[in-house]
Structure formats: structure tokens, C-alpha cells
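Heads up, the thing below is written out as C-alpha cells.
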Amino acid sequence: MTHRSTALITGASAGFGLALARSLIGRGWRVIGTARRADRLARTGAELGKAFLAVPGDITDPAHRAELAETAREFRHLDLVVNNASRLGPSPMPRLANYPLDQLELVYRTNVIAPLAVLQFALPLLDPDGVAVSVSSDAGVEPYPDWGGYGSSKAALDQLTAILAAEHPELSIYAFDPGDMRTEMHQAAFPGDDISDRPEPETVVPALLRLIEQRPKSGRYTAADFTVGIGR
């Protein structure tokens with residue numbers, strides 16, 4: 001590419017989003033990053049320098065998404081969009097029969113509606129060889145008890161990602177399941193448990209980078225697919 005590669009990452013102030021932003025900037029990319037916690041995002045910007053453009057705000061807020069879209073359009077192109085921001089829901093997680101519907105609506109607004117809204121403004125900005133990634137979860141595939149709110153939202157995210165891929169065959173559009181990681185959200189899913197055996201997000205980023213570099217056909221992939229090669 002003759003231009004500087006530009007990525008848009010939601011949920012960029014912590015966990016997998018932060019680890020990915022660090023790695024991309026280390027490779028010479030520019031990153032537009034957003035997150036709800038302005039203080040954390042400011043610290044991320046201070047750490048990563050001028051290559052990181054912080055746009056703080058709640059991705060479920062249409063006004064914030066409009067600001068994010070305007071910022072992205074200033075660069076006239078995007079090479080990568082990563083919908084990483086997610087909401088777990090109540091912790092401990094309730095069973096679906098008792099799930100507070102107002103909380104379920106918040107989960108869906110964050111995990112389904114907001115990612116689609118981001119892609120609606122971002123897809124036209126993607127270069128012909130651009131990539132869009134929705135960060136998924138095995139909870140969107142496996143029916144784990146107590147994971148109904150989060151899991152069903154990720155199943156919906158997987159499906160809308162697959163449909164967007166079918167509607168835009170000229171682009172590379174993926175759902176990517178990073179697996180369990182040692183993050184605040186994963187800890188909230190298991191309050192009081194020791195999750196120190198889960199891998200750090202930094203160790204999972206190389207799998208996503210290999211997905212971006214190899215550009216297999218659009219679809220749903222897991223981090224494991226890119227640690228032992230793609231058997232598809």
C-alpha cells in the first residue's frame with residue numbers, strides 16, 4: 001500500500017482491543033480508537049502516541065457514532081474495522097427465564113445494533129482489500145447455561161456478519177472468536193474465580209493478524225484456526 005494503513009477499533013482502551021491497537025501501531029499503522037471510559041482511552045493515547053487517535057464515547061450512542069464516522073471520513077479510507085466493544089450483561093449472569101429485559105436490551109444494543117451501525121458507515125470507507133472483523137465468542141455457538149444474554153447476542157452478531165459478507169463479496173468480512181482471555185469482562189463472567197490460567201490478550205493478537213494477512217474467504221474463524229493453520 002502506498003498510503004498509511006488505518007484501523008478503526010471499538011473497545012480500544014482495554015483487553016483485546018488495546019492489545020490489538022498496540023500491535024498494529026508497532027507495525028506502522030494508524031489507529032482510530034474508541035471506548036466508553038475516557039480516562040482509560042486517554043491513557044492509551046498517551047502510551048501509543050500520535051499514531052493513536054482517541055475518540056471517547058459510548059458506541060451505543062448515535063451521536064458518538066456520528067462523531068466516529070466523521071473522524072473516519074477525514075482519513076478518506078479504512079483498511080481495517082474491528083468491532084471489539086462488548087457488553088457482558090449482569091454479573092453473576094442470570095438464566096434467560098429470569099433475565100432482566102432492560103439489561104438484555106443493553107446487551108443487544110452494544111453487541112448487535114452498535115456493531116452493525118459502525119459497519120454501515122465503515123464499509124463504504126474500506127479499501128478494496130480492506131477487512132472488517134466482528135469479535136465473537138464460542139458462547140454464540142454453544143448453549144452454555146447462564147450465558148443466554150451474551151451468547152444469543154453474539155449469535156446474532158455472527159449472523160449479521162455472515163449476511164454482510166454475502167452482500168459484499170468484494171470485501172473480507174469475518175467473525176473472529178479469540179477464545180477465553182484474561183480480561184476484566186471474562187473475570188466478571190466468573191466472579192470470585194481465579195482466571196489466571198487464561199491467556200493474556202496479547203498472545204491472541206497474532207492469530208487475528210494472520211487472519212488479516214492471509215485473507216481466507218469471508219466467514220467465522222477462531223484463534224485456533226490460525227495457530228495450527230486453516231484446515232478449511
Side-chain angles (χ1 to χ4, degrees), residues 1-34 44 47-53 72 75-86 115 118-119 121-138 140-141 154 157-158 160-183 198-232:
M1 297 179 184
T2 57
H3 60 250
R4 187 174 188 181
S5 296
T6 303
L8 168 63
I9 303 174
T10 69
S13 68
F16 189 66
L18 174 56
L20 177 60
R22 282 179 179 142
S23 182
L24 289 175
I25 288 174
R27 291 169 170 239
W29 285 57
R30 172 173 50 210
V31 173
I32 304 166
T34 184
T44 299
E47 173 195 342
L48 298 181
K50 294 181 179 179
F52 184 84
L53 180 60
F75 293 104
R76 298 186 178 180
H77 80 277
L78 290 170
D79 300 278
L80 173 65
V81 180
V82 180
N83 272 312
N84 170 69
S86 292
V118 168
L119 290 173
F121 75 71
L123 289 182
L125 296 174
L126 278 179
D127 283 352
D129 58 348
V131 177
V133 178
S134 298
V135 177
S136 186
S137 167
D138 65 335
V141 178
K154 288 298 183 176
L157 179 63
D158 282 355
L160 74 81
T161 302
I163 292 171
L164 284 169
E167 293 174 344
H168 297 271
E170 74 281 6
L171 297 175
S172 296
I173 301 179
Y174 305 113
F176 177 76
D177 175 5
D180 291 349
M181 294 181 290
R182 200 182 313 170
T183 63
R198 275 68 162 185
E200 293 281 6
E202 290 79 4
T203 67
V204 183
V205 167
L208 178 55
L209 295 179
R210 281 192 283 273
L211 168 64
I212 295 167
E213 291 164 359
Q214 294 178 18
R215 308 284 172 89
K217 65 179 292 188
S218 294
R220 188 184 192 281
Y221 296 94
T222 70
D225 291 327
F226 294 88
T227 56
V228 295
I230 303 175
R232 299 177 185 231

Heavy-atom side-chain contact between P178 and V135 under 4.5 Å: yes

Sidechain-backbone polar pair: D79 side chain, A7 backbone, donor-acceptor under 3.5 Å: no

Minimum heavy-atom distance between A21 and F52, given as atom pair plus value: CB-CE1, 4.2 Å

Distance in Å, E47 CD paired with L18 CG, rounded so as to fall on 0.5 Å steps: 6.0 Å

Where G140 and K154 come nearest, the two heavy atoms and their spacing: CA-CB, 4.0 Å

CZ-OG1 distance between R22 and T44, expressed to the nearest 0.5 angstrom: 7.0 Å

Any donor-acceptor N/O pair, S23 side chain to L20 backbone, under 3.5 Å: no

Point-to-point distance, once rounded to the nearest 0.5 Å, from CD1 of I212 to CG of D129: 12.0 Å

Whether R220 side chain and T161 backbone form a donor-acceptor pair below 3.5 Å: no

Minimum side-chain heavy-atom gap L53-R30 below 4.5 Å: no

P124 versus L119, closest heavy-atom pair with distance: CD-O, 4.2 Å

Side-chain donor/acceptor of S218 to backbone N/O of P169, under 3.5 Å: no

side-chain contact (heavy atoms from CB on, under 4.5 Å) partner of I173, chosen from L123, I163, V133: L123

Contact summary for P128 and L171, nearest pair of heavy atoms: O-CD2, 4.2 Å

Check: D177 and V141 side chains under 4.5 Å, non-hydrogen atoms: no

Inter-residue atom distance F226.CZ - F176.CZ, 0.5 Å rounding: 7.5 Å

Mutual orientation of the aromatic rings belonging to Y174 and Y221 [parallel < 30°, tilted 30-60°, perpendicular > 60°]: perpendicular

Check: F75 main-chain N/O paired with H77 side-chain donor or acceptor under 3.5 Å: yes

Nearest heavy atoms of A207 and A223, plus distance in Å: CB-O, 3.6 Å

Donor-acceptor contact present, side-chain T10 to main-chain A85, <3.5 Å: yes

Test log, rule side-chain contact (heavy atoms from CB on, under 4.5 Å), inputs R210 and T227: CA-CA 9 Å; R210 281 192 283 273; T227 56; 4.2 Å; yes

CA sep, side-chain torsions, deciding dist, call: H168, L126, side-chain contact (heavy atoms from CB on, under 4.5 Å): CA-CA 11 Å; H168 297 271; L126 278 179; over 6 Å; no

Under 3.5 Å donor-acceptor, N84 side chain and I9 backbone: no

Straight-line distance of L8 CG to L125 CG, nearest 0.5 Å: 9.0 Å

